[in-house]
Colleague: 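Mind having a look at this structure? Questions to follow.
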Number of protein chains: 2
Amino acid sequence: MSKPPPDPRRPLTLRDVSEASGVSEMTVSRVLRNRGDVSDTTRERVLEAARSLGYVPNKIAGALASQRVNLVGVIIPSLSNMVFPEVMTGISEVLEDTGLQPVVGVSNYDADREERVIYEMLSWRPSGIILAGVEHSDASRAMLAQAGIPVVEIMDTDGTPVVSAVGISHYRAGRKMAEAIIGAGYRRIAFLGTHMPVADHRARKRLDGFQEVLSRAGLSIVDREYYTGGSSLLKGREMTEALLKRSPDVDFLYYSNDMIGAGGLLWCLDHGIDVPGKLGLAGFNGMELLDGLPRKLATMDACRLEIGRRAAEIIAGKRSPGAPEIIELEPTLDLGDTIRR
Amino acid sequence: MSKPPPDPRRPLTLRDVSEASGVSEMTVSRVLRNRGDVSDTTRERVLEAARSLGYVPNKIAGALASQRVNLVGVIIPSLSNMVFPEVMTGISEVLEDTGLQPVVGVSNYDADREERVIYEMLSWRPSGIILAGVEHSDASRAMLAQAGIPVVEIMDTDGTPVVSAVGISHYRAGRKMAEAIIGAGYRRIAFLGTHMPVADHRARKRLDGFQEVLSRAGLSIVDREYYTGGSSLLKGREMTEALLKRSPDVDFLYYSNDMIGAGGLLWCLDHGIDVPGKLGLAGFNGMELLDGLPRKLATMDACRLEIGRRAAEIIAGKRSPGAPEIIELEPTLDLGDTIRR
DNA sequence: CTGAAAGCGCTAACAA
DNA sequence: TTGTTAGCGCTTTCAG
């Protein structure tokens, strides 16, 4: 009686390659990882066997044995945001040649969900974690602090990061925009943005800074229009129409992001409103979209690509090895065609 | 001599929880996974110990022991595309209550890179793979076929999937659009889209179908304008300007996607061109962006949300258990305001 | 309801 | 340059 043939649907193991090539499992392992010295003959034989069998290594076993995982968890609030693809590009660029791989998780601007995603990710013992914002549940902060791996919080530097942070100060960004608007002579300023109960802390901080500068100048926001759900041009139009119907005498519309700002701009142009003469507009983010509009919306660049790059460099240990650091980038203001000069 | 204290930075193990709670590792494991019967007292004690220690399970060890991984690999060409966030939403929605977690990989429209991403993903032994398109390298197809897990190719049904596919026929979509355009009386039709050497197979298939209908009607594409890199409104504007300068007598512009189509539309409106009277326009994708434009671009909906949902259902085994299947969805044509009625 | 033993597939460390 | 041994931290299986 010969022993039964192995289940053909069972994934192949190192042992299969070892048997097929007549080389020990250990040497096969070395060849496949390019570790240690192996003779060219042996190497060839092993590679040939692995290729012809269609062997795919089991990283689960490898990671358990070596206590090393080449994964970096990246936790962002949303994929549809336009903001994060660019951050991801920066991250991938840098990780590309480090052997590290980004793995994306989405928190939907929800702290509980974020906590679960962090827990899930940490349970795979990644080499590092990059996550958006500095506001997290206590449990999240505790987990991250305990994890013993590099943790970089991105986008925002207003607050206390668990370890390191790379971002801009949204508070200062709001101030800067307010100063530009007041400097241009606008006085009756309205705000259009996310409904604040939702946890978009960065938008809130921008608004805080914005309002502070206003009140120093003896001004305040004269009307507001909130929305919920995703941003879209259409929503920007609707909000703008509603606000201007209600408060026709405002002379500036400050939007919490470029997408709704662009919608508002289109609405104003459709309705023959004198922009920026009678009415000024501004958004936030420096979205590529804006470049194609009939007129360029005033905005601030959030340094997304650079943030991604710097964060990845910290994880990859290209910067100061392991030392916590906070990198605050400086967003640039673009007056576009919608703020008087 | 007492034994040295364990490294405090070492991640906690089941054993630590076991010792802290005075319950065997096995029972701790059962509690943490909600498996098997455990007395309420024991359960409480274990949970309390785990929580106070801040224990995060090691899924690597768990997966190796149980031969089960709750991950689903999702491989898409690009994050910045606007197309894939919606697919992801559909996937996440369905996986949400199955205990499965999507993990995203990006191939950058590059077959070699896709192959590497597939290899990486399979090496983590996921429960399923969802990937865009039906064109893959031979090695990729072989790996997927060997993997012994559900594999769903999405977006496109023109071709032979490895196992299952959910999508639309881009070839038929192109035909349908051409029929509508010819039916509306346009005759001098131009194409604006990606430079074809790049591997956007779906755009190519749409163009194939489009051209076939044209040639049956004795027509052909009278001019073309290609671009490379990402789509943007600005690029759409530039291409449109270039093409109309060169061929002022065309009466229809067929764009390979909505983003450049929208840019073209804005350019036409800026230049007082009579749309859709003198010049018709159409794109592809059904992007939300279009709803906020001054005029609505004609387009076809690619059923992205539905595709994501169906694909995830196959992976989750909610549909016919394991049987290969091909689901072809029917894209809907929206004439918008840029095709004569 | 609880525990002990065996082993998942691989790699570190050491031996030859 | 190659092979052997002993786990990595967990779950399966089986025994109480």
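Proteins come first, then strands; the chains are lettered A, B, ... in the order of their sequence lines, and each starts at number 1. Side-chain atoms are counted along with the backbone in the values below, which use heavy atoms only and exclude waters and symmetry mates.
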Colleague: Between the two ends of the helix from dC1(C)-dG16(D) to dA16(C)-dT1(D), what is the bend in degrees, rounded to 10 degrees, where each end axis spans five pairs?
Modeller: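 That helix gives 30° between its end axes.
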
Colleague: Ala65(B) or Arg68(A): which one's nearest nucleotide on DNA chain C is closer to the 5' end?
Modeller: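 It is Ala65(B), whose closest nucleotide lies nearer the 5' terminus.
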
Colleague: When the distance from CG of Leu14(A) to P of dC8(D) is rounded to whole Å, what number comes out?
Modeller: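 Whole-Å distance recorded here is 20 Å.
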
Colleague: Return the value, rounded to whole Å, for the distance between atom CD1 of Ile60(A) and atom P of dG9(C).
Modeller: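 Going from Ile60(A) (CD1) to dG9(C) (P), I get 10 Å.
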
Colleague: Any side-chain N or O of Thr42(B) below 4.0 angstrom from OP1/OP2 of dC1(C)?
Modeller: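 Thr42(B) to dC1(C) OP1/OP2: no side-chain N or O under 4.0 Å.
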
Colleague: Rounded to the nearest Å, what distance is computed from the CZ atom of residue Arg15(A) to the P atom of nucleotide dG3(D)?
Modeller: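 Those two atoms, CZ and P, are 14 Å apart.
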
Colleague: Figure out the NZ/C1' separation between Lys59(B) and dC10(D), and round it to whole Å.
Modeller: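 Taking atom C1' of dC10(D) as the reference, NZ of Lys59(B) is at 13 Å.
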
Colleague: Tell me which residues in residues 24-38 of chain B put a heavy atom below 4.0 Å from DNA chain D, sorted by number, or none.
Modeller: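 Met26(B), Ser29(B), Arg33(B) - these, ordered by number, are the residues of the stretch whose heavy atoms sit under 4.0 Å from the strand.
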
Colleague: Rounding to an integer number of Å, can you tell me how far Asp16(A) CG sits from dC10(C) C1'?
Modeller: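 Interatomic distance, CG of Asp16(A) to C1' of dC10(C): 13 Å.
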
Colleague: Whole angstrom is fine here: how far is it from CG in Leu64(A) over to C1' in dG7(C)?
Modeller: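 The distance from CG of Leu64(A) to C1' of dG7(C) comes to 12 Å, rounded to the nearest Å.
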
Colleague: Okay, side chain of Arg30(A), backbone of Arg35(A): is any donor-acceptor separation there less than 3.5 Å?
Modeller: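 Here the side-chain-to-backbone pair does not exist.
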
Colleague: Distance only, no hydrogens: is a donor on one side chain within 3.5 Å (strictly under) of an acceptor on the other, for Ser29(B) and Arg33(B)?
Modeller: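 Yes, because at least one side-chain N or O of Ser29(B) sits under 3.5 Å from a partner of the opposite role on Arg33(B).
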
Colleague: Does Tyr55(A) have a side-chain nitrogen or oxygen under 4.0 Å from the phosphate oxygens OP1 or OP2 of dG9(C)?
Modeller: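 Answer no for this pair, as no side-chain N or O of Tyr55(A) is under 4.0 Å from OP1 or OP2.
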
Colleague: Sort out for me which residue in Val166(A), Ile75(A), Val151(A), Ile91(A) forms a side chain to side chain contact (heavy atoms under 4.5 Å, CB included) with Ile130(A).
Modeller: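 Considering Val166(A), Ile75(A), Val151(A), Ile91(A), a side chain to side chain contact (heavy atoms under 4.5 Å, CB included) with Ile130(A) is found only for Ile91(A).
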
Colleague: Would you tell me whether His136(A) and Glu114(A) have side-chain atoms, one donor and one acceptor, within less than 3.5 Å of each other?
Modeller: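 There is such a pair (donor and acceptor under 3.5 Å, judged by atom type) between the side chains of His136(A) and Glu114(A).
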
Colleague: Would you say a side-chain N or O of Gln67(B) is under 4.0 Å from OP1 or OP2 of dG9(C)?
Modeller: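 True: Gln67(B) side-chain N/O within range (under 4.0 Å) of dG9(C) OP1/OP2.
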
Colleague: dC10(D), dG9(C), dT2(C): which one has an atom nearest the side-chain heavy atoms of Asn58(A)?
Modeller: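 My answer, after comparing the listed nucleotides, is dG9(C).
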
Colleague: Which heavy atom in Pro57(B) sits nearest to a heavy atom in Arg125(A), and how many Å separate them?
Modeller: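 Result for this residue pair: O-NH1, 3.5 Å.
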
Colleague: Check the surroundings of atom CG in Asp138(A): do more than 12 heavy atoms from other residues, nucleotides or ligands lie under 6.0 Å from it?
Modeller: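 For Asp138(A), atom CG is not crowded (no more than 12 foreign heavy atoms under 6.0 Å).
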
Colleague: Do Glu115(B) and Ser137(B) have side-chain atoms, one donor and one acceptor, less than 3.5 Å apart?
Modeller: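 Yes, Ser137(B) and Glu115(B) have a side-chain donor paired with an acceptor closer than 3.5 Å.
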
Colleague: Is Ser127(B) reaching over with its side chain to a backbone N or O of Val69(B), donor-acceptor style, under 3.5 angstrom?
Modeller: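 Indeed, once roles are kept as given, a pair shorter than 3.5 Å links the two residues.
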
Colleague: Is it the case that the side chains of Ser92(B) and Thr89(B) hold a donor-acceptor pair, with the cut-off being a distance below 3.5 Å and no angle test?
Modeller: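 No, no side-chain donor-acceptor contact under 3.5 Å.
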
